[in-house]
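Below: the structure, in structure tokens.
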Amino acid sequence: MKHRTAITTLPLSPDEERGIRMLKYGIAMGVRLACVIACFFTPGWWILVPAVGAVVLPYVAVVIANVQRTAPGAVERPGGLVRHDDGRWFTADQQDQQDQQDQPGQQGASGEGDRS
């Protein structure tokens with residue numbers, strides 16, 4: 001499978017991010033609804049288990065839904081790209097890694113550090 005190199009690593013669009021958050025929150029509220037319904041059918045002191053779930057789950061749902069997926073500032077900007085000889089684009093770090101792979105063992109070719 002051919003590896004696709006992205007020019008930028010942009011975060012999700014606001015609509016996509018909102019959709020993911022709404023999905024997570026909706027699932028958590030569905031579980032909460034199941035806990036509330038289970039309270040009507042659970043006998044004895046076991047009723048505390050779904051009751052605690054129904055009380056605590058809204059807070060947990062909000063915290064989980066609002067966790068950021070990517071760290072801010074992790075965007076790779078196009079100005080940091082370098083074009084390789086074969087037409088592929090690399091970031092400066094990727095270019096350094098590629099150069100090291102292409103030329104192994106030529107670290108002291110400039111004469112620096114070879115003085116005895």
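A continuous path of hydrophobic side-chain contacts links Val52 to Ile64 [ILVMFWY only; heavy atoms under 4.5 Å].
Summarising the hydrophobic clusters (Ile, Leu, Val, Met, Phe, Trp, Tyr; side-chain heavy atoms under 4.5 Å, direct or chained), the residues clustered with Trp46 are Trp45, Val49.
In this structure the side chain of Pro14 never reaches within 4.5 angstrom of the side chain of Glu17, judged on heavy atoms.
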Side-chain donor-acceptor pairs of residues 28-42 under 3.5 Å, sequence neighbours excluded:
from: Arg32; atom 1: NE; to: Ala54; atom 2: O; distance (Å): 2.8
from: Thr42; atom 1: OG1; to: Ala38; atom 2: O; distance (Å): 2.5

